[in-house]
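These numbers come from a predicted model, not from an experiment. Per chain, numbering begins at 1; letters A, B, ... match sequence-line order.
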Protein chains: 2
Amino acid sequence: MYWGDCMARRLQGAERCDCDVIHEDVVNSVKDKMPQEEILYDLAEFFKIFGDSTRIKILWALDESEMCVCDISVLLNMTQSAVSHQLRILKQADLVKSRKEGKIVYYSLLDEHIRQIFDQGLSHTIEEN
Amino acid sequence: MYWGDCMARRLQGAERCDCDVIHEDVVNSVKDKMPQEEILYDLAEFFKIFGDSTRIKILWALDESEMCVCDISVLLNMTQSAVSHQLRILKQADLVKSRKEGKIVYYSLLDEHIRQIFDQGLSHTIEEN
DNA sequence: TGAACGCTTGAATAAATGTTCAAGTATTCA
DNA sequence: TGAATACTTGAACATTTATTCAAGCGTTCA
């Protein structure tokens with residue numbers, strides 16, 4: 001059962017696993033405790049959002065104050081287009097919301113604990129030095 | 001002073017900023033509070049490590065138990081090579097350490113609060129549903 | 001109405017990233 | 001010593017990703 005994928009392929013001669021199982025007990029027990037594939041995938045997708053300095057800057061800025069696209073693009077010295085593309089990604093990830101006032105679109109944080117997430121990351125980064 | 005980069009370019013006709021400044025006061029005050037460029041860059045680099053499901057899985061596994069490369073590759077149904085490449089990235093980021101015992105290399109977590117970081121990410125992911 | 005402004009969008013481009021492949025190193029053991 | 005095992009490494013490849021460019025949409029205001 002446990003070796004469903006891997007062993008099945010081995011029997012088919014696919015040689016997906018290019019090594020012998022050394023600590024079968026450890027692997028089995030870890031496999032039992034591992035969360036669903038999908039959960040870990042979503043988790044990675046979530047952190048991917050924070051893995052770009054432009055988006056980090058935008059989130060940091062919006063944590064200080066609601067801002068329009070133009071303001072952000074001036075602040076970061078980027079084109080409105082580039083900023084707008086990143087804002088779309090942040091919005092799709094439910095990290096940011098927008099409201100329209102005439103021609104101007106104001107963006108602000110949707111998630112309250114973004115600062116907490118930053119702090120967690122910073123505490124590691126600082127530890128290194 | 002504040003507009004050093006942006007305004008200088010505008011005067012040179014470079015048109016880097018394709019908009020007028022709408023809320024100069026907001027942009028200035030946010031600019032004051034923004035951390036150093038390098039800090040935000042490092043922060044993004046840190047989260048980038050967690051932005052890949054293979055690395056998330058490896059970290060999760062190592063949080064359960066110390067494992068050798070072969071064990072991990074069987075657990076995740078990947079080649080040793082692919083796992084080894086990712087372990088190198090995790091090691092360079094000081095998230096993982098290794099010890100050698102004969103032919104076998106055992107990897108384990110170097111950072112104690114990886115689970116905390118996961119939990120923070122998960123709490124957001126779960127909120128969505 | 002039409003020009004100007006703020007923003008968005010899709011396609012194109014360049015850069016970064018993950019995995020594979022084919023070699024390599026280091027260690028064990030017969 | 002030499003074959004086998006565990007792992008590493010660099011180059012190649014395919015995929016993803018961020019930014020740019022050019023065009024478009026929606027709103028305001030003269």
What one should report as the nearest heavy-atom pair of A/V96 and A/L110 is N-CB, 3.7 Å
> Is any side-chain N or O of A/Y107 closer than 4.0 Å to OP1 or OP2 of C/dT8?
Replying inline: yes
Distances under 3.5 Å between nitrogen or oxygen atoms of protein and nucleotides 27-30 of chain C:
none

Looking at B/L95, is its backbone amide N or carbonyl O close enough to the side chain of B/D111 to form a donor-acceptor pair, meaning the two atoms are under 3.5 Å apart? no
Rounding to the nearest 10°, end axes of the helix from C/dT1-D/dA30 to C/dA30-D/dT1 built from five pairs each make an angle of 10°
When rounded to whole Å, the CG to P distance for the pair A/L90 and C/dC7 reads 16 Å
List, with names and distances, any nitrogen or oxygen atoms from the protein found under 3.5 Å away from nitrogen or oxygen atoms belonging to nucleotides 9-12 of chain C.
unit_1 : atom_1 : unit_2 : atom_2 : d
C/dT9  : O4     : A/S81  : OG     : 2.7
C/dG10 : O6     : A/H85  : NE2    : 2.8

(Q) I want to know whether B/H124 and A/F47 have ring centres closer than 6.0 Å. (A) no
Applying salt bridge (charged side-chain N to carboxylate O under 4.0 Å, His left out) to A/R88 and not counting sequence neighbours gives none
Query raised in the report: When you measure from the centre of the six-membered ring of B/W60, is the NZ or CZ of B/R55 under 6.0 Å away and within 45° of the axis?
Result: no
For A/E37, the salt bridge (charged side-chain N to carboxylate O under 4.0 Å, His left out) test, sequence neighbours excluded, returns B/K57
From the candidates D/dA6, C/dC7, D/dT20, the one with an atom nearest any side-chain atom of A/T79 is D/dT20
A/M67 CE to C/dC7 C1', in whole Å, measures 16 Å
- Please confirm whether the backbone N or O of B/S98 pairs with a side-chain atom of B/K91, one donor and one acceptor, at under 3.5 Å? no
In terms of heavy-atom contacts, A/D63 and A/L109 come closest through OD1-CD1, 3.3 Å
Between CZ of B/R99 and P of D/dC7 the distance, given in whole Å, is 12 Å
Relative to the ring of A/F50, is the ring of A/F118 parallel (under 30°), tilted (30 to 60°) or perpendicular (over 60°)? perpendicular
Note to self: Using a 4.0 Å heavy-atom cut-off, does A/I22 contact any base of the nucleic acid, only the sugar-phosphate backbone, or nothing at all?
What the structure shows: sugar-phosphate
On a heavy-atom basis, the closest approach of A/L40 and B/S53 is O-CB, 4.4 Å
Under a 4.5 Å side-chain heavy-atom rule over Ile, Leu, Val, Met, Phe, Trp and Tyr, are A/M34 and B/M67 clustered together? yes
note: A/I104, atom CD1; C/dC5, atom C1'; distance rounded to Å ~ 9 Å
query: Does CD belonging to B/E112 count more than 12 external heavy atoms closer than 6.0 Å?
result: no
message: For the backbone of B/H23 and the side chain of A/D71, can you confirm whether one donor and one acceptor N or O come within less than 3.5 Å of each other?
response: yes
Could I get a table of every N or O pair under 3.5 Å where one atom is in the protein and the other is in nucleotides 15-18 of chain C?
unit_1 : atom_1 : unit_2 : atom_2 : d
C/dT17 : OP1    : B/K48  : NZ     : 3.4
C/dG18 : OP1    : B/R55  : NH1    : 2.9
C/dG18 : OP1    : B/R55  : NH2    : 2.7
C/dG18 : OP2    : B/R55  : NH1    : 3.4

